[in-house]
Amino acid sequence: MKILILLFALKLPNPPVVEWTLPNGLRVAYQRVGRMPIVAVQLWYHVGAKDEPSGRRGSAHMFEHVMFKGSEHVPPEEHARLVDRLGGRANAFTGDDVTSFQQVVPKAYVDFAVLLEAERMRRLLFRKSMVATEKEVVKEEFRLRFENDPIEAAVLRLRSLAFTRHPYRYGPGGAIEDLDRTSADDLKKFYDAYYQPNNALLVVVGDVAEEEVRAAAEKHFGAIPRGADPPRPAGDLAEPKQAELRRETQKPAQIGIVIGGWKIPGARSPDLIPLKVAMSILSDGDSSRLHQRAVRKDKVGLGAGAALMEAEDPGLLLVYGVHLAADQADKLEAALIDEAERLGREKVDARVLEKAKNQIASRLAFALGNVEAVAQQIGESALLRGDAGAWMNDLEAIAKVTADDVQRVARSVFVKEGLTVVRVPPGAAP
Amino acid sequence: VRRGLAPALARVATLAALAALLPACPKKTPLEGPTLAPGTPGQPAPAPPPPPEPDPWQGRTDLVQAPPAQPPQPVTLPPIERFTLPNGLEVLLVEDRSLPVVSFDLAVKAGTIDEPREKRSLASFAAAMLTRGAGARNADQIAETIDRAGGTLAAEAALEWTKVSCEAMAKDAATCLALVPDVVVSPKFPEKEMRQVREELEGSVRRTRDDPAALAAEHFDNALWGDDHVRGWPITTETIAAVRPKDLQDWHKAWFRPGNALLVVSGDFDAKAMRGQVGRAFARWARGKPATHKTWPAPALQGVRVRLVDKPDQTQSQILLGHPGVSVADPDWLATQLMSYTLGEGAFSSRLMKVVRSQGGKTYSADASFETARAGGTFRARTFTRNSETAATLALVRGELARMKTGGPSADELVAAQANLQGSHPIGLQSARDVGRTVLWAELLGLGEAFVREYPPRVAAVTLEQVKAAAAENLQPDALVVVIVGRASEVSPQLVKAGLPVDTFSWLDPSSKRERDARVAQKAGPVDPARAAQGRKLLDAALAAKGGEARLRALKDLTSKGTVKIVDRGQTLEGPFVRWFVPGQALRLDITAAVGKLTVAVTGAGSWIIFGDRVQDLPKENAAQQFASLWRDRDIVLLRHLEADAVVEALPREKIDGKEYDVVVLKKAGGALETRLYLDPKTRLVFRMEYQERGSPQREEYRDYRAVQGIQFAFRQHGEGQGQAIDAVTSEIKLNTGVPPGTFDKPAK
């Protein structure tokens, strides 16, 4: 009971997230936080790699780039330059489910940042020469991330083994030959399908009043008409239940890596809460079970951890270990898998449970001091879980997780026939 | 087979016995992953000449304009209390109760720049060891203590300092107050924890070889600073191994003194109470005079020197160029920072991004920056591009350096740079932790806490003349070091054509000349006669077990059949195979896979691949290399040590999967075709062969030996290297039955 009291005492200092919807369907989420006179303004589109047409893998990410390449009243790259010039910064990322355009600006320029996002929502200009140049840029990013880094390549491979049907098998990088095939017309179609107010969320977080945010949203987005409901091709591509262990060995790299992955429920599932506790037990800190087992006790690797691919549709929980000697791979794999399965076999004791809850709570507390990190939480929460404020309740939900909950989700997730393993063997020392 | 065949061909030599490759674009089965096709070397990416499109923004008056800029304001920081403990430790308290968290950051003014050459890695080694046993706790107890509080504890060495950081919820501040003094004042450096740290450091040394940007950085430091400057010395397996327990103790004793350190505590606490707590916690830290920092003269560069690091599987070149920079103590440091924003630090607002990415489409990112350090520091410009555009991209970057040096930024560019730097300053100061760390950073660099408050007006006060002068003074486009990590076969001709002097290294070569010389000396050194004799004895025994010299010499041709599975970068090729081998002359392998029939032939007259109805030749140089490597074919390699002047050396036995093997190194006369043989001490037969092929390690393993006409053949083979893993099961082997006429003839294209 002690821990419950502690966490309730630690009520989040942030006020609740305020959320409203414009008549054209644009959702707006706002929270006033922060000590500095700055504001995060982010526009989240509910479109990601999983929405790409087949044969055009990578187009969501490419589209993210195109959003900087000029609209009716803003020449190419000028969006970013205008933000820079105000003392702000602009960025963007593409995920499996969402694409997010982010800026943080001094508080005097909130209205201007909203104007810039509204401008490129429907007024983008598509020029063939621009698409040709930007295609090369995107391909360089792909080469950088996936072709020339064995670890990234291994994770990508694990996705494509774990998912046989669902488009999570591709990842936001896509494929070079698909990028080559993507035309300006393809991009325009993609834009019209997904870059519409009724498929977007404006997030504003920082030192700004609600009335100011309401006025800016209405002024710049209000006149944009609602679009058609966007297509959801992944809806027909549900991943069949995995019925056998899948394993593959990649080409060697200088350091070896073993990655194992199991499917987990989608972000809306209440099971994600105990799963986050399970993951913390496995991988948070040097006293975590994976590190203690693989590195300290069995001495079969120099690092071990876990990662959660929390996604709208069922995603993955990965465990991984890094090693130098080739003959450690089998034992390392066995240790990683055994520690995960052990969570289903044995109930965790109260100390372990409490430690995990403390770790989750303090990591969240540190993130609260940053407007971009808070806006990110809100955006993910709104689009993946359907509720912009859902993340604010997580601490309370985490505090209620019992050892039985952890054991139950671990039993359902960590099953042999649902496991996919990819290994990169270590090469000889140089 | 539209793409990727040529690079795949280049890899055909790997695992010579099974010579195999995968077409990168066969029809995809639903289970196949995304094609990680290598780039198209020699063929510039399909960038069609841009059709003259009208500029839709030209002459327009209704474009979006930026609102007027705000005047620069000093930032308001939370109150900062500053005091010095009786032992000389300087402490800053940043009290900010908006979030229930607290951070402790303690820096000791000694970093990687203070390491001795032969023990390079010492600062990082010592930092990592601080948390592996200190005060009354061992490594696991320290981890358990901080993790139970939900906090984090980390220690890391940077160039000029070593920092210990502890974070926790405010209610758990006592945990940090107990752990930080322990790890800083009373680390135990237990010897039994050194193995793990050594392995971690070794891992990062090896990881550098997998990370082209990190590999470029290592070579850049060496090429720029040289073998006689601490920043030019690479960390190697040897320098890590040279660190002994006493070195860690000595390092700690020399530098970890309260008068040589600075502590910042930030977050949710009562400053008055914290002052007392900190005083008590660090009271036991004894005064002492720290060691003195050695100073290093900056190198004087002349001309442009290019170091090309050949990594044959790269589909992209990493480009890193630069020269010594300016010290943070230099009066034109801030003006240089403003110039650097316009040149390469300001993302889309920088000239490099505009020219190389936005207009050129050559990269995803291009940047340039001056390192912030009290010691000289470095200026670096970085980008990456497909191999075929390497020289063109390098020329673009150098052009921008020259343009900036000559003209400096325009008045408008300076206004934009000032507006960004002063306006975005608060973004880095949002939390108490941000403020604490920034103040610590400013103090360590000698800029002082006031710099953090007054940064916006100070930036605004810099004039265009000062920035132009800084550009003219601090950029050296004609005296710099360039490092490129990429595929040399493609990049080298471009650089030669551009008239640049190039030194080429393998990606596995040590970056420093001293280490390279040591390695050559080690390789060229005469083999110890006893070990040579022992090696010959082992090979003689292996040859006898294989079936004997006479039988092998009588082998005129060999035809085998079976099934093979090849996995190449995530793609799988599987099916029955037929293999013809004529010792000393030719090898051919046919695989009938679902995607079509594949033939690979290696002959003295050339090597080629046939897929479907396409015939493709291997580049001449590779073909010759292929052919030469038939020398070590698994079934005749045991005759090689009998050749005149063959080099043989027995190495200590090695364990593989718990089983011991005899190890013998075999080289052709003159040292070529180095091959490492692992021999089963029981059967005497070859279990494994290891060798390098185009800079990549290759491995073959043999199992299930059975006799055919008195010769032992492995009926199961496994191989891996250069992106491929091959498994073959042989069902039938026939000897001296003759090879059908035309087997090694190349069909017309």
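Order of the sequence lines fixes the chain letters, A, B, ..., with proteins taken first and strands second; residue numbering starts at 1 for each chain.
Using a cutoff of 4.0 Å between basic side-chain nitrogens and carboxylate oxygens, B:R132 and A:D286 are not scored as salt-bridged. For A:D327 and B:K655, the salt-bridge test fails: no basic side-chain N is under 4.0 Å from an acidic carboxylate O. Checked for salt-bridge contact, A:E141 and B:R357 miss the test: no charged N lies under 4.0 Å from a carboxylate O.
Contact of the B:T363 side chain with the A:V137 side chain is not registered, since no non-hydrogen atoms from C-beta on lie closer than 4.5 Å. In this structure, the side chains of A:Q254 and B:L508 come closer than 4.5 Å at one or more pairs of heavy atoms. Counting heavy atoms from C-beta on, the side chains of A:R351 and B:R148 come closer than 4.5 Å. You'll find the side chain of B:R386 reaches within 4.5 Å of the side chain of A:R143, heavy atoms only. Annotation: side chain of A:R127 is in contact with side chain of B:P56 (closest heavy-atom distance under 4.5 Å). A 4.5 Å side-chain heavy-atom check between A:P150 and B:R207 finds at least one atom pair inside the cut-off. A 4.5 Å side-chain heavy-atom check between B:D62 and A:H73 finds at least one atom pair inside the cut-off. Contact of the B:Y341 side chain with the A:D84 side chain is registered, since non-hydrogen atoms from C-beta on lie closer than 4.5 Å.
Of the two parts of B:P68, only the backbone, made up of N, CA, C and O, holds a non-hydrogen atom closer than 4.5 Å to a non-hydrogen atom of chain A. Looking at B:A168, only its backbone comes within 4.5 Å of chain A, counting heavy atoms on both sides. Interface remark: B:Q65 contributes backbone atoms only to the contact with chain A (heavy atom separation under 4.5 Å). For A:A154, no part lies near chain B; criterion is any non-hydrogen pair under 4.5 Å. Contact of B:V485 with chain A is not made at all, since no heavy-atom distance falls under 4.5 Å. Of the atoms belonging to A:R57, not a single heavy atom falls under 4.5 Å from chain B. Heavy atoms closer than 4.5 Å to chain A are found nowhere in B:Q418, neither backbone nor side chain. Heavy-atom distances place the side chain of A:F112, and not its backbone, under 4.5 Å from chain B. With a 4.5 Å cut-off on non-hydrogen atoms, B:K311 does not touch chain A at all. At a 4.5 Å heavy-atom cutoff, B:D268 makes no contact with chain A through either its backbone or its side chain. A:K69 touches chain B through backbone and side chain together, each having a heavy atom under 4.5 Å away. A:V322 does not touch chain B: none of its heavy atoms, backbone or side chain, sits under 4.5 Å away. For B:Q73, no part sits under 4.5 Å from any heavy atom of chain A, backbone or side chain. Of the two parts of A:S288, only the backbone, made up of N, CA, C and O, holds a non-hydrogen atom closer than 4.5 Å to a non-hydrogen atom of chain B. With a 4.5 Å cut-off on non-hydrogen atoms, A:Y109 touches chain B through its side chain but not through its backbone. For B:S365, no part lies under 4.5 angstrom from a heavy atom of chain A. Interface remark: B:T152 contributes side-chain atoms only to the contact with chain A (heavy atom separation under 4.5 Å).
When all heavy atoms of A:L324 and B:G203 are compared, the pair lying nearest together is CD2-CA, 3.8 Å. Closest approach of A:I255 to B:D210, counting heavy atoms only: N-OD2, 3.5 Å.
For the set B:T385, B:I656, B:D434, B:D509, the count of heavy-atom pairs under 4.5 angstrom toward chain A peaks at B:T385.
A side-chain N or O of A:R296 and one of B:Q196 form a donor-acceptor pair less than 3.5 Å apart.
Taking the ring pair (Phe, Tyr, Trp, His ring centres under 6.0 Å) definition, one finds that B:Y364 meets it with A:H65, sequence neighbours left out. Among residues two or more places apart in sequence or in another chain, the ring pair (Phe, Tyr, Trp, His ring centres under 6.0 Å) test is passed with A:H291 by none.
Side chain of B:W57 to main chain of A:S71: a donor-acceptor pair is present (N/O by atom type, distance under 3.5 Å, no hydrogens or angles).
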